[in-house]
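In what follows, a structure is listed as structure tokens, so that the remarks can point back to it.
Given the structure is predicted, the values throughout are model-derived calculations rather than measurements. Note on naming: letters A, B, ... go to the chains in the order of the sequence lines (proteins, then strands), and numbering restarts at 1 for each one. Just so it is clear, the values below take in all heavy atoms, side chains as well, and ignore hydrogens, waters and symmetry mates.
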2 protein chains.
Amino acid sequence: MRDDDLSARKREILLNAVESYIQSASPITSSNVRTNYFKNLSTATLRNELNALEAMGYLKQLHTSSGRVPTARGYRYYVNEIMCDVPLEDNILTEIHSIFQSRAVYLGDVVNEIADVVSKATNYPAVVMLKGFEKLQIKTVKIIPLLTGQALILIETNSGIINNFMPIKTDIPSQTYVDASNFLTSTFKDKTLSDMMQNIEDYRIQMCDELQEFKGIFDRMIESLREFGESIAKKSGVTAKGELRLLNSPEYHDLEKAKKVIDVLANPTEVEQLFDNLDSDEVTFKIGAEIPLEELQDCTVAGLDYQVDGESIASVGIIGPQRMDYAKIASALKFVVGEFANLKQLDNTQKGAEDGQEE
Amino acid sequence: MRDDDLSARKREILLNAVESYIQSASPITSSNVRTNYFKNLSTATLRNELNALEAMGYLKQLHTSSGRVPTARGYRYYVNEIMCDVPLEDNILTEIHSIFQSRAVYLGDVVNEIADVVSKATNYPAVVMLKGFEKLQIKTVKIIPLLTGQALILIETNSGIINNFMPIKTDIPSQTYVDASNFLTSTFKDKTLSDMMQNIEDYRIQMCDELQEFKGIFDRMIESLREFGESIAKKSGVTAKGELRLLNSPEYHDLEKAKKVIDVLANPTEVEQLFDNLDSDEVTFKIGAEIPLEELQDCTVAGLDYQVDGESIASVGIIGPQRMDYAKIASALKFVVGEFANLKQLDNTQKGAEDGQEE
DNA sequence: ATTAGCAGTCAACACGAGAGAGTGCTAACA
DNA sequence: TGTTAGCACTCTCTCGTGTTGACTGCTAAT
């Protein structure tokens with residue numbers, strides 16, 4: 001049924017019809033199309049055209065005497081044809097901006113805020129996925145003793161700070177933590193987390209050689225670092241926010257349908273399947289049957305990868321009904337990922353900020 | 001209409017009827033009561049009794065020929081009469097336990113996790129409110145320089161760690177941060193956050209006297225500390241979780257009704273009104289008209305304060321329909337707040353842990 | 001190729017009848 | 001006086017019917 005060479009008029013009709021349906025949520029009818037776009041044609045003619053478009057699989061009727069709605073194929077055609085950027089609202093722009101400018105630099109906080117703002121901008125549930133935690137590049141390692149018999153492990157990476165708490169013995173002099181932090185930092189600087197974890201046994205030996213007198217203490221620290229690494233590896237990198245926004249779409253006024261989607265979002269493994277194989281330069285839309293999950297056949301999933309050196313580091317995406325504002329969503333995702341990329345750049349050139357690079 | 005001296009039989013009927021309605025969600029009928037509790041009485045007799053209870057305002061009919069449902073007053077009577085503890089499910093117990101035992105000691109993380117687990121245990125949206133941030137007692141202050149031109153401010157308090165990031169100049173030797181941290185810690189130890197903020201100007205002068213050579217640096221730090229204090233004071237202490245669980249109750253299958261409640265939960269000012277004036281030893285239920293918000297007249301709000309020296313530090317609560325499992329909810333809230341109190345105790349006696357005080 | 005005209009289809013809404021569940025009331029009974 | 005059987009009554013819920021209105025598909029004329 002590959003038949004993408006539509007006549008110019010069919011193309012026009014289809015694109016306008018889909019556009020109009022996305023905005024209004026009311027089925028496409030011949031008189032509808034006429035009053036909006038083709039005042040010089042009769043409804044009968046348009047009916048013929050719509051009929052043809054239906055035969056080609058771009059539209060479908062819900063029942064005999066109803067208007068038509070786009071099929072997944074119709075949406076796909078629309079998306080392929082008119083992916084133009086639309087400007088986002090100013091307040092959303094500034095909000096996204098301020099997140100990336102803000103002082104919340106814990107990786108987890110940033111992820112949460114991004115997911116929040118994407119959901120807000122699109123009005124659909126949003127997902128941020130961090131892949132390759134273990135690919136993060138270590139910049140510094142700090143171990144900070146606390147009063148409560150715990151220490152805070154703080155690892156600065158090229159993408160933000162990650163942290164964990166570990167139990168410690170309380171009779172260790174504070175200088176030891178400074179020594180340990182310095183040793184760990186110089187040892188692991190520019191290595192990845194997975195490097196660190198894989199070779200941690202070797203390092204432990206080296207460390208104990210160099211700082212013989214604190215052997216027992218460092219043993220304990222390394223042990224905790226290992227636990228930390230394992231807990232990070234186990235941790236799912238999936239963050240979903242704004243599930244409730246699904247209920248704003250008329251398509252999901254039916255609670256049962258909404259719950260199906262929300263349940264999927266609560267399941268990291270399934271979410272990973274959804275946002276697998278994304279592009280990094282253009283937003284990937286998976287429409288209907290293109291989604292690898294049986295229960296989401298009436299949804300569209302939109303996602304964009306953030307890649308460094310061709311390697312996917314993070315994915316940002318949303319999920320909603322097939323009838324969604326594709327252009328706006330693509331713009332929002334691209335803008336967010338773009339800001340992310342900018343941030344990285346700043347981060348690498350280390351403190352090139354403070355210049356007035358307003359746009 | 002104060003008429004709380006019900007006959008023993010009316011009392012029995014009312015309590016059982018309310019109990020049964022809470023469990024089944026289907027209206028109380030005479031035959032219903034008969035088959036469940038009073039097999040030796042006829043339905044006619046029970047009808048008379050139900051009629052009387054209705055006249056007294058404990059029950060009401062939805063329409064002439066329907067069964068009865070409890071009024072707010074009926075629930076109130078039920079709550080006052082039979083507040084017994086019910087055991088929580090084991091997995092919930094252990095989950096709560098593990099949160100408090102866990103190593104996540106950032107105050108914000110703990111609050112999030114508590115709200116999550118309370119919502120999970122009760123199956124209703126849960127709220128945790130921190131009041132009197134400024135009453136927190138400082139134990140240590142640490143300023144930790146980071147690579148990105150920021151420093152992490154870490155304040156250990158008697159209730160957990162709070163943290164913030166501040167921009168710094170990059171040319172400060174690391175020893176300065178150690179000196180500053182030590183100075184701040186010794187100066188503010190056992191003072192409250194509000195003490196610190198109120199007197200920060202004086203301390204700034206003192207600090208600059210004592211460590212003259214770092215004047216400019218400390219000025220900057222104090223400035224950031226002040227910003228930090230202000231941002232904390234502004235920050236609402238309200239955390240709500242599990243809003244979606246509202247949709248599990250048949251009462252809120254109507255999206256519009258559910259949204260009303262969810263909107264309130266998104267508004268910290270209104271939430272503060274809801275959970276105002278709670279008890280600290282017994283769970284406070286606000287039923288129907290007892291709730292100080294017009295739009296929540298068909299809800300019940302349950303809450304419990306955590307107090308130290310008669311001063312409310314935190315509140316934990318849930319919101320749901322009037323038909324809720326009061327006993328179970330009271331038990332859950334009490335258990336969580338109890339764990340909170342235990343934690344404080346441990347914290348105060350500084351490292352009295354590690355003993356096998358299982359129950 | 002386009003169009004007017006017309007018959008056909010189907011959702012949505014309103015109306016009415018019937019069933020069923022539950023009540024209130026009355027009169028009889030212990 | 002408390003309890004009960006019996007009966008009429010009320011109201012929701014469901015189902016079937018009929019009507020309306022919005023669209024469509026098709027045909028024949030332009």
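Within a 6.0 Å sphere centred on CG of Asp254(B), heavy atoms belonging to other residues, nucleotides or ligands number more than 12. When the shell of 6.0 Å around NZ of Lys260(B) is examined, it contains 12 or fewer heavy atoms from other residues, nucleotides or ligands. Under a cut-off of 6.0 angstrom, the local environment of CG in Asn277(B) is sparse, with at most 12 non-hydrogen atoms contributed by other residues, nucleotides or ligands.
The side chain of Thr45(B) places an N or O atom within less than 4.0 Å of a non-bridging phosphate oxygen (OP1 or OP2) of dT4(D). Taking 4.0 angstrom as the limit, Arg68(B) places none of its side-chain polar atoms (N or O) nearer than this to OP1 or OP2 of dA21(C). Considering only side-chain N and O atoms, Ser66(A) lies nowhere under 4.0 angstrom from the phosphate OP1 or OP2 of dA22(D).
For Ser65(A) against dC23(D), no side-chain N or O and base N or O form a donor-acceptor pair under 3.5 Å. Evaluation of atom-type donor-acceptor distances gives no pair under 3.5 Å for the side chain of Thr64(B) against the base of dT10(D).
Under the rule for a side-chain hydrogen bond (donor to acceptor under 3.5 Å, both in side chains), the partners of Glu95(A) that lie at least two apart in sequence or sit in another chain are Lys120(A).
Comparing dG24(C), dC23(D), dC10(C) against the side chain of Gln61(B) picks out dG24(C) as the nearest. Here the side chain of His63(A) is nearest to one of dC10(C), dT24(D), dG22(C), namely dC10(C). Side-chain proximity of Arg47(A) to the nucleotides dG5(C), dC11(D), dG24(C) is greatest for dG5(C).
Proximity of residues 33-42 of chain A to DNA chain D (heavy atom under 4.0 angstrom from any strand atom) is not detected for any residue. At a non-hydrogen distance threshold of 4.0 Å, nothing from residues 17-24 of chain A comes into contact with DNA chain D.
Across the protein-nucleic acid pair, Glu54(A) atom CD and dT24(D) atom C1' stand 10 Å apart, rounded to whole Å. The separation between Glu49(B) atom CD and dT23(C) atom C1' is 16 Å, rounded to whole Å. To the nearest angstrom, C1' of dG5(C) lies 14 Å from CG of Asn48(A). Rounded to an integer number of Å, the gap from Lys10(A) NZ to dA1(C) C1' is 11 Å. In this entry the distance linking CG of Leu50(B) with P of dT3(D) reads 13 Å, nearest Å. Between the CG atom of Asn51(B) and the C1' atom of dT23(C) there is a distance of 9 Å, given to the nearest Å. What separates CG of Leu46(B) from C1' of dG24(C) is a distance of 15 Å, to the nearest Å. Between the CG atom of Asn32(B) and the P atom of dA21(C) there is a distance of 13 Å, rounded to whole Å.
Of the possible polar contacts, one joining the Arg323(A) side chain to the Ile22(A) backbone as a donor-acceptor pair under 3.5 Å is found.
Classified by interplanar angle (parallel below 30°, tilted 30° to 60°, perpendicular above 60°), the ring pair Tyr77(A)/Tyr58(A) is perpendicular. The aromatic rings of Tyr326(B) and Tyr78(B) lie perpendicular to each other, with more than 60° between the two planes, well past the 30° mark.
Taking NZ from Lys259(B) and CG from Leu247(A), the interatomic distance works out to 6.0 Å, rounded to the nearest 0.5 Å. Between the CZ atom of Phe285(B) and the CG atom of Leu333(B) there is a distance of 7.0 Å, given to the nearest 0.5 Å.
Heavy atoms of Thr43(A) sit nowhere under 4.0 angstrom from any nucleic acid atom.
Within the cation-pi definition used here (under 6.0 Å to the ring centroid, within 45° of the axis), Arg245(A) does not qualify as a partner of Tyr124(A).
Map Leu62(B) and Ala44(B) each onto its nearest nucleotide of DNA chain D; the residue landing nearer the 5' end is Ala44(B).
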